[in-house]
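A, B, ... follow the sequence lines: proteins, then strands. Residue 1 opens every chain.
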Amino acid sequence: MLKIENLTKIYRGGKIAVDKLNLDIQEGELIAFIGTSGSGKTTALRMINRMVEPTSGRMTLNGKDLTKMNAVTLRRSIGYVIQQIGLMPHMTIRENITLVPQLLKWPKEKKDETARRLIEMVNLPESYLDLYPAQLSGGQQQRIGVLRALAANQDIILMDEPFGALDPITRDTLQDLIKDLQQRLKKTIIFVTHDMDEAIKLADRIAIMHEGKLIQFDTPDNILAAPANDFVKEFIGSHRLIQQKPNIKTVDEVMIKPISITIEKSLDEAIRLMVEKRVDTLFVTDGDNRLQGYLDVESFTGARKTKRSVSECYEKDIFYVKTGSKLQDSVRRILKRNLKNIPVVDEEHHLVGLVTRANIVDIVYDTIWGDEEPTTSSEGQTVSDSFRELISG
Amino acid sequence: MMTFFIENSSDILLKTWEHFYISMIALALGVVFAVPIGILLSKSKYISKVALTITSVLQTVPSLALLAIMIPLFGVGKVPAVIALCIYSLLPILNNTFIGMRSVNGNTKGAGIAMGMTTVQSIVLVELPLAIPVIMSGIRLSAVYVISWATLASYIGAGGLGDFIFNGLNLYQAEFIIGGAIIVTLLALLADFLLSKLEKWVTPKGLRIEGGHAA
């Protein structure tokens, strides 16, 4: 889709920022440019939308030569998420989101419709459209910054260290959002980062750059398995190489069957189900088994007198992982956020499984004490549940 | 003192009006010239240095001398006075426009350009709205300067409240001098107050909101 050939940038004074970069990027890929500062990764990114004019080389997007296009037209067709957020402080969230459509002179109704559709996608209320950036938190602002890059249906989105200015937890949430949006909208995303964890977590392929040259361009697994040279090895860090050694497991291999309840049931039924199944958390689904939220013992405290149905008091804010995600990512998330467990959903958001802290104990046990068959996966639900009680109790 | 105000009430109204509109025309012209020039200058480092030096030098010419120079060039009356005052109002507005445009966050500007704004769109949609508070404070400063200097314009026959002061000086009438000065001061304060209202009104709403995150 995007083909970069011999792309070179030499600054005045002869400093070679990017030296003969060659990349072939497929449609729908999430690509990370990573490297130390001064490696040319940002310059390389900025040449794609000609914020930096290339000294030589060719870039073609679906056969069209980008270096010969009008730079302004080109930029309007490529989404851009700038570092430090960069929202327009004097414009409302609505105006910020629809900045490119505004430049493209879309009719008002189409712009409003786009703003509403997009803000819903990042779980912010529609009323936020009329607020100003100063009224939002940093994480919320950067979500708007991401939406701004999507508003005009750009096929390619460039992100320049998009989460650098955010705290670790917010960053984690936004990384999930990006991954989710990318899978849902099938966008090609190229982002610059200096955080290897971020690159491994998000990218389909990682381009490691050093002193203007592309050192290695491959999938995270391949890079971890076979670093091209000592620089890459050092850059990845020895701890990640060790982590990678055990056979990569996905959540599907260890998840257990979650106990769920449909949204229209009464609280009495929910409590009876909890007692019967001996669990402290129920996952709330709609009639179609799509995950809506969860209900745990804490939700009942005080609520029982005034509220009668599940729909009134379940927690909508829920973290989940997709089927096929790597187990270590889920473990990291459980530990980082101090979650008791994390549900697994499929592409259509159907609830398919659950990874609990008890599962993690099993895995740790497995890694430390070797080859014994783990007690979980098949008939092990009761075991895990009693574990879960131990942990949460 | 009161007798001065009572006896000359109709004259005071006339002169105050004269003073006011000379100042405002000069200021308006100053804005019309200085803001666009300031915007252009903010786009070029080298020319801006030269231009700002020239206006600074103009500012150091004593105001009375500048008014006197106007006489051989434009004769006497309101026109040369307005021209001289206009020149005086240039520097604070030019300076503040330049600074205001330059102080717009580079990341915000960069975002606009990366979204595909042309240079003109970047100025109109991003830089100018964000520079408005700074530009407006330059205009307020100029307004106060121009109103007080307009007093001297009476020296070249432009009229205004300066007439009272110069008459007072010639006739050794203290109340004419003090009365004139009081009105000039009040006029300057009034202009500053009105412009501060205008400043609030033209400052984009998003810039007036301080922090205070929504839940």
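- Atom CG of Asn70(A) sits about 10.0 Å away from atom OG1 of Thr118(B), to the nearest 0.5 Å.
- Within 6.0 Å of NZ on Lys49(B) lie no more than 12 heavy atoms contributed by other residues, nucleotides or ligands.
- Distance check, rounded to the nearest 0.5 Å: CD of Gln121(B) to CG of Leu99(A) gives 9.0 Å.
- Both the backbone and the side chain of Tyr80(A) come within less than 4.5 Å of a heavy atom of chain B.
- Contact count against chain B (heavy-atom pairs under 4.5 Å) is highest for Gln83(A) among Met91(A), Gln83(A), Gln102(A).
- For Met51(A), the part lying near chain B is the side chain, with the backbone staying farther off; criterion is any non-hydrogen pair under 4.5 Å.
- Of the listed residues (Ala111(B), Pro129(B), Pro204(B), Ala114(B)), the one with the most heavy-atom contacts under 4.5 Å to chain A is Ala114(B).
- Other residues, nucleotides and ligands place no more than 12 heavy atoms under 6.0 Å from the CD atom of Glu120(A).
- When heavy atoms are compared at a cutoff of 4.5 Å, Ile113(B) approaches chain A by way of both its backbone and its side chain.
- Interface remark: Leu74(A) contributes no atoms to any contact with chain B (heavy atom separation under 4.5 Å).
- Tyr314(A) OH: more than 12 foreign heavy atoms inside a 6.0 Å radius.
- Of all heavy-atom pairs spanning Gly110(B) and Ile82(A), the tightest one is C-CD1, 3.8 Å.
- A side-chain contact (heavy atoms from CB on, under 4.5 Å) with Pro89(A) holds for exactly one of Thr108(B), Asn105(B), Val104(B); it is Thr108(B).
- Within 6.0 Å of NZ on Lys3(A) lie no more than 12 heavy atoms contributed by other residues, nucleotides or ligands.
- The local environment of CD1 in Ile47(B) is sparse, with at most 12 non-hydrogen atoms from other residues, nucleotides or ligands closer than 6.0 Å.
- Here the side chain of Arg76(A) pairs a donor or acceptor atom with the backbone of Gly116(B) at under 3.5 angstrom.
- Of the possible polar contacts, one joining the His90(A) side chain to the Leu125(B) backbone as a donor-acceptor pair under 3.5 Å is found.
- Enclosure of atom CZ in Phe166(B) by more than 12 non-hydrogen atoms of other residues, nucleotides or ligands within 6.0 angstrom is indicated.
- At most 12 heavy atoms of other shown residues, nucleotides or ligands fall within 6.0 angstrom of atom CZ in Phe193(B).
- Here the CE atom belonging to Met115(B) is positioned 4.0 Å from the CZ atom belonging to Arg148(A), to the nearest 0.5 angstrom.
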